[in-house]
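Just the heavy atoms: all of them, side chains too, but no hydrogens, waters or symmetry mates, feed the values below. All residue numbers in this chain count up from 1 along the given sequence.
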Amino acid sequence: MKRLMAAVTLAAVFLLATPAPAMAEEKMLGTVTKIEVNGQGALATLKDSKTGGAVDITVTDEVTLAKFKDKRIGVGDEIKCKYEPKDGKNLSTY
């Protein structure tokens, strides 16, 4: 019985001592309301389908930038997005 309690206590200490990730990736489904492409990337504004609020997403990946440039993704399209808040900006990860 003492071994079982020691194992449970050790497991609890391990779980509580493991740090949680500081920044969590956020997911969103939204409608594109604005796209501004510049030399280094793009800034897309999405209207969140859950809250109705506007969210600015900084996009730097080449695949999404190509879709913006050739109009495969445009204003009015509903898209799924994953982003990470970093340095006051929402950086696109998907």
Closest contact, heavy atoms only, Ala44 versus Phe68: CB-CZ, 4.1 Å

Main-chain N/O of Thr45 paired with Thr33 side-chain donor or acceptor, under 3.5 Å: yes

Lys67 side, atom NZ; Ile35 side, atom CD1 - distance, nearest 0.5 Å: 12.0 Å

N/O donor-acceptor pair under 3.5 Å between Asn38 side chain and Gln40 backbone: yes

Salt bridge (Lys or Arg N to Asp or Glu O under 4.0 Å) between Asp70 and Arg72, worked out: CA-CA 6 Å; Asp70 65 12; Arg72 287 184 281 165; 3.0 Å; yes

Test item: Ile57 and Leu46 side chains (from C-beta on) under 4.5 Å apart, heavy atoms: yes

Distance, nearest 0.5 Å, that separates OG1 of Thr58 from CD of Glu36: 10.5 Å

Atom pair OG (Ser49) and CE (Met28), whose distance is rounded to the nearest 0.5 Å: 7.5 Å

Where Leu65 and Gly41 come nearest, the two heavy atoms and their spacing: CD2-C, 3.6 Å

Transitive ILVMFWY side-chain link Val37 to Tyr83, under 4.5 Å: yes

Under 3.5 Å donor-acceptor, Asp77 side chain and Val32 backbone: no

Whether Thr93 side chain and Lys82 backbone form a donor-acceptor pair below 3.5 Å: yes

Distance in Å, Leu29 CG paired with Lys80 NZ, rounded so as to fall on 0.5 Å steps: 7.0 Å

